[in-house]
Protein chains: 2
Amino acid sequence: MKIGELAKATGTQVETIRYYEREGLLPETTRTEGNYRIYGEAHAERLSFIRHCRSLDMTLEEIRVLLRFKDAPNENCGEVNALLDEHIGHVAARIRELRSLERQLKGLRDLCQEARDAAHCGILNELARQGSEGGSSAAGHVHGAHGRSVERKSIKDKRK
Amino acid sequence: MKIGELAKATGTQVETIRYYEREGLLPETTRTEGNYRIYGEAHAERLSFIRHCRSLDMTLEEIRVLLRFKDAPNENCGEVNALLDEHIGHVAARIRELRSLERQLKGLRDLCQEARDAAHCGILNELARQGSEGGSSAAGHVHGAHGRSVERKSIKDKRK
DNA sequence: CTTGACTCTTTAGTTGCTACAGGGTTTCCA
DNA sequence: TGGAAACCCTGTAGCAACTAAAGAGTCAAG
Ligand SMILES: [Zn+2]
Ligand SMILES: [Zn+2]
Ligand SMILES: [Zn+2]
Ligand SMILES: [Zn+2]
């Protein structure tokens with residue numbers, strides 16, 4: 001099938017498929033005479049795998065690891081379990097952070113019950129107060145389920 | 001004070017301060033003869049405000065709105081309250097999504113109690129299964145506390 | 001006077017896509 | 001058979017909120 005059919009079959013955008021190929025998650029395919037990519041069932045399954053993982057908020061790096069095991073069926077899958085445990089940890093950590101944020105935000109919200117002039121708004125005044133570095137996320141400013149705190153390897157020279 | 005001192009005083013990186021200036025969150029300062037930025041107490045307070053908001057995972061856009069009210073003390077602060085309520089909604093929505101993910105991930109994890117060969121790993125096999133579009137985040141793949149779900153336009157109306 | 005700490009601007013990298021622009025190819029239908 | 005529509009290709013830029021580095025200038029201490 002052509003890329004558009006694969007896209008429809010898996011609910012993925014065409015550009016995303018090409019992006020995954022560039023990133024090495026999907027293999028380069030054979031092409032038609034007109035230089036169109038041609039996919040088979042195996043590609044569709046692999047792409048479903050990737051999208052399923054993404055829907056669970058795994059990073060492409062995490063998915064890359066899982067794919068390596070999928071490609072080596074004789075390997076012991078212990079590392080897969082470990083990766084999943086870690087990722088569950090990522091999600092749990094983010095939930096804790098967000099719950100803390102939610103508490104702080106609700107406390108802040110209570111500082112202004114009825115609208116008045118901005119100069120006396122309890123919210124604006126509290127936000128301007130210095131210090132009060134809330135005990136929440138030490139790493140701070142994490143996105144999604146994945147903190148910047150997580151080790152940052154040089155992915156640069158992985159390109160071949 | 002110079003930019004490094006402001007950075008230390010507020011626990012912000014120097015580059016971040018310059019970035020906020022470029023983005024219009026901090027005003028352009030006067031400069032010394034040697035072209036160094038010079039800051040006063042007002043700048044420190046404004047930067048603290050911004051960082052405080054960021055630590056609550058607000059976007060720079062949300063912060064921009066709050067700053068407009070801080071800069072107009074005579075305005076009625078009702079919009080501030082509304083913005084905060086909305087943002088609390090952003091956080092709450094993300095928490096719900098992540099809790100759903102956590103449940104799914106734990107269910108997945110249970111499919112492989114003890115490590116075996118990858119070909120028979122319940123986790124890998126389940127991830128490869130198609131469909132099963134979990135009932136969680138419809139928009140999917142939201143980051144931080146802010147979902148793509150907000151103002152996500154139909155991509156299909158590309159046709160003319 | 002030299003060293004080193006600091007600052008300046010500009011540019012590029014991060015993540016996971018998404019959206020063009022500016023072409024080429026295939027398919028459909030009259 | 002011709003021409004339009006629908007598809008595909010590569011390459012590049014943009015999103016958020018920074019972070020880092022290159023290459024150069026400025027300043028204070030010893
Ligand atoms: Zn993870
Ligand atoms: Zn108020
Ligand atoms: Zn928000
Ligand atoms: Zn297993």
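Keep in mind it's a predicted model, so treat the numbers as computed, not measured. Here is how names work: the chains are called A, B, and so on, in the same order as the sequence lines, proteins then strands, and each is numbered from 1.
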To the nearest angstrom, the CD1-C1' distance between A:Ile38 and D:dC7 comes to 12 Å
Residues at least two apart in sequence or cross-chain that pass side chain to side chain donor-acceptor pair (under 3.5 Å) with A:Thr12, listed by chain then number, are A:Thr10
Residues passing the salt bridge (charged side-chain N to carboxylate O under 4.0 Å, His left out) test with B:Glu41, sequence neighbours excluded, are none
A:Arg54 atom CZ is separated from C:dT15 atom P, nearest whole Å, by 12 Å
A:Ile50 atom CD1 is separated from C:dG16 atom P, nearest whole Å, by 12 Å
Between CE of A:Met58 and P of C:dT15 the distance, given in whole Å, is 18 Å
Quick note, A:Arg37 side chain, CB onward, closest among C:dT18, D:dC9, D:dC18 is D:dC9
Between CD1 of B:Ile63 and P of D:dA16 the distance, given in whole Å, is 13 Å
Contacts of B:Glu45 meeting salt bridge (charged side-chain N to carboxylate O under 4.0 Å, His left out) (sequence neighbours excluded), chain-then-number -> B:Lys70
By side-chain contact (heavy atoms from CB on, under 4.5 Å), A:Tyr19 pairs with (sequence neighbours left out) A:Arg22, A:Glu23, A:Leu60
When rounded to whole Å, the CZ to P distance for the pair B:Arg51 and D:dA17 reads 11 Å
Applying ring-ring contact (aromatic ring centres under 6.0 Å, His included) to A:Tyr39 and not counting sequence neighbours gives A:His43
From CD of A:Glu15 across to C1' of C:dT15 the rounded distance in Å is 17 Å
B:Leu6 atom CG is separated from C:dC6 atom C1', nearest whole Å, by 15 Å
Rounded to the nearest 0.5 angstrom, the CD-OG1 distance for B:Glu21 and B:Thr29 is 5.5 Å
Going 5' to 3' through nucleotides 23-30 of chain D and flagging B where a protein heavy-atom sits under 4.0 Å of the base, S where only the sugar-phosphate is that close, and - otherwise, we get --BBS---
Subject >> Any A:Arg64 side-chain N or O less than 4.0 Å from OP1/OP2 of C:dT15 >> reply: no
Residue pairs passing the salt bridge (charged side-chain N to carboxylate O under 4.0 Å, His left out) test with at least one member in residues 102-113 of chain A, sequence neighbours excluded, are A:Glu102-A:Lys106, A:Arg109-B:Asp85
A:Ala119 meets the side-chain contact (heavy atoms from CB on, under 4.5 Å) criterion, sequence neighbours left out, with A:Asp117, B:Pro73
Residues at least two apart in sequence or cross-chain that pass side-chain contact (heavy atoms from CB on, under 4.5 Å) with B:Val14, listed by chain then number, are B:Ile3, B:Ala7, B:Arg18
Ranking D:dC18, C:dT18, D:dT19 by distance to the side chain of B:Gln13, first place goes to D:dT19
In numerical order, the residues of residues 16-30 of chain B whose heavy atoms come under 4.0 Å of DNA chain D are B:Thr16, B:Tyr19, B:Tyr20
side-chain contact (heavy atoms from CB on, under 4.5 Å) filter on B:Lys2, not counting sequence neighbours, yields B:Glu5, B:Tyr36, B:Ile38
Double-helix bend of the helix from C:dC1-D:dG30 to C:dA30-D:dT1, axes at both ends from 5 pairs, round to 10°, gives 20°
Checklist entry - Does the side chain of B:Asp57 reach to within under 4.5 Å of the side chain of A:Leu105, using non-hydrogen atoms? => result no
